[in-house]
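For reference, the structure is listed below as structure tokens.
Because only heavy atoms are used, hydrogens play no part in the values below, and waters and symmetry mates are left out as well, while side chains stay in. Here the structure is a predicted model, which means the values were calculated and not measured. Order of listing sets the numbers, starting from 1, for every ligand and every atom in it.
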Amino acid sequence: MKIAGACVANCFFAFLLFNAAASAPAAEADQSSTPVEKKRAQNNPKMETKKIGLVIHGGAGTIERSSMTPEKEGEYRAGLERALGAGYEILKRGGLSLDAVEAAVRVLEDDPHFNAGRGSVFTSAGTNEMDASIMDGKTLGAGAVGSVKHIKNPIVLARLVMEKSPHVMLDCAGAEAFAKANGIELVDQKYFFTQERWDALEKVRAAEKHRASGDGKSYIITDQDRHGTVGAVALDQDGNLAAATSTGGMTNKMPGRIGDTPVIGAGTYANNQTCAVSCTGDGEYFIRVGAAHDVSALMQYRGLKLEEAAQTALDAVKQLGGTGGLIAIDKNGEIALPFNTNGMYRGYVEPNGKLVVEIYR
Ligand code: ASP
């Protein structure tokens with residue numbers, strides 16, 4: 001595994017799968033196979049090694065070791081591991097990358113520690129408005145929802161938009177009517193409430209009030225108070241890439257504000273020719289750069305490798321003044337996780353199937 005700066009590049013040669021069309025001799029089975037898998041490969045010349053891969057994030061920002069208790073850190077790590085486990089289980093069984101990214105994001109939406117689904121941040125009106133999107137690298141099909149208020153798992157609705165509507169993006173009441181018509185669970189806004197996010201809203205409101213009145217009081221507002229997002233990118237055994245992203249957006253955002261998360265090409269992108277990408281950070285900047293598509297375009301049109309393309313796109317965001325990070329995986333299973341903040345909740349699966357979770361730089 002190659003580690004360069006904030007980027008990790010890796011090749012996933014995780015396991016052996018039966019493939020009737022395969023012609024690779026069993027002796028060429030990958031070195032990282034377990035003894036049992038090697039034995040099976042030797043006994044079956046029609047088996048070949050397939051690459052699969054999964055990367056997730058739970059938001060980038062100012063994440064200080066000093067302000068994190070061991071209990072809290074353990075809870076974040078456990079949440080990320082659960083999400084990785086849910087997605088990887090699907091890939092291991094030969095499932096679709098689309099199913100894997102949806103499953104991983106769903107776990108993070110259900111976890112109140114992350115700013116997506118339950119635990120979403122509040123708007124200036126004290127409401128929760130969520131954005132999500134998903135993209136299939138094989139067909140370039142995509143689905144997205146913006147500013148939904150009563151959808152327990154916005155990523156599930158985004159997938160439904162992709163698969164059951166003629167559109168790419170639905171928002172607000174229209175998205176929720178579509179959800180209802182398709183049997184998706186609508187929940188009361190209370191479901192999304194967490195005291196921590198409410199306190200963050202009050203802190204941000206107070207800071208802005210005092211800044212406006214110039215009374216000299218200062219407030220420490222961390223990125224943790226302001227935003228966060230969850231996302232996943234995956235490669236399945238058939239070489240299909242997929243990306244999914246979901247968020248509550250930014251604390252104290254104007255009602256109706258939609259960030260980069262549901263904007264295909266900004267917060268999410270997947271193309272089997274190149275890579276799958278999910279972004280997190282100051283959404284307005286990622287939209288202006290078209291960051292997720294930029295990574296793919298740099299690979300497709302300029303021939304850059306994944307790691308360089310990912311860093312170049314993120315640098316463009318930074319040049320405008322935006323902070324954040326992204327996760328990406330290419331068609332060969334290489335991964336990149338650059339970020340320009342001092343931390344990003346993130347995780348990936350090693351070639352031997354080990355789940356790796358990291359938070360700090
Ligand atoms: N990108 C998200 C948004 O702007 C927030 C984040 O990822 O922190 O809505």
inquiry  = I'd like to know if Lys72 and Glu196 make a salt bridge, using a cut-off of under 4.0 Å between side-chain N and carboxylate O.
reply    =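 Salt bridge present between Lys72 and Glu196.
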Is there at least one pair of N or O atoms, one from [X] and one from ligand 1, spaced under 3.5 Å apart?
{"X": "Thr247", "answer": "no"}
{"X": "Asp260", "answer": "yes"}
{"X": "Met250", "answer": "no"}
{"X": "Glu284", "answer": "no"}
{"X": "Gly259", "answer": "no"}

For Asn153 and Glu109, which heavy atoms make the closest approach, and how far apart are they?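 It is ND2-OE1, 2.9 Å.
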- prompt: At their closest point, which heavy atom of Glu102 faces which heavy atom of Ile134, and how far apart are they?
  reply: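 Scanning both residues completely, I find the closest heavy atoms to be CB-CD1, 4.2 Å.
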task = Would you mind telling me which of Val230, Val156, Asp110 makes a side-chain contact (heavy atoms from CB on, under 4.5 Å) with Val105?
result =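 It is Val230, the one option of Val230, Val156, Asp110 that forms the side-chain contact (heavy atoms from CB on, under 4.5 Å) with Val105.
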Numbering as shown, the atoms of ligand 1 that approach Gly249 to under 4.0 Å (heavy-atom distance)
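Checking each atom against Gly249, I get 9 (O).
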Per-atom filter on ligand 1: closer than 4.0 angstrom to a heavy atom of Thr280 are 6 (C), 7 (O), 8 (O)
Backbone N or O of Val121 within a donor-acceptor pair of the Asn115 side chain at under 3.5 Å?
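Indeed, once roles are kept as given, a pair shorter than 3.5 Å links the two residues.
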For [atom], closest protein heavy-atom neighbour:
{"atom": "atom 4 (O) of ligand 1", "value": "Arg257 NH2, 2.8 Å"}
{"atom": "atom 6 (C) of ligand 1", "value": "Thr229 OG1, 3.0 Å"}
{"atom": "atom 8 (O) of ligand 1", "value": "His227 ND1, 2.4 Å"}

Can I get a per-line list of side-chain donor-acceptor pairs under 3.5 Å for residues 289-305, giving both atom names and the distance, sequence neighbours left out?
unit_1: Ser296; atom_1: OG; unit_2: Thr274; atom_2: OG1; d: 2.8

Exercise for review: State if Gly281 counts as touching ligand 1 under the rule of any non-hydrogen atom under 4.0 Å.
Suggested key: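 Yes; Gly281 lies near enough to ligand 1 that a heavy-atom distance drops under 4.0 Å.
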Residue-ligand contact Lys253/ligand 1, heavy atom below 4.0 Å
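Contact absent.
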Residue set satisfying ring-ring contact (aromatic ring centres under 6.0 Å, His included) with His150, at least two apart, ordered chain then number -> none
*Between Phe192 and Phe122, does the ring centre distance come in under 6.0 Å?*
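Ring centroids of Phe192 and Phe122 are no less than 6.0 Å from each other.
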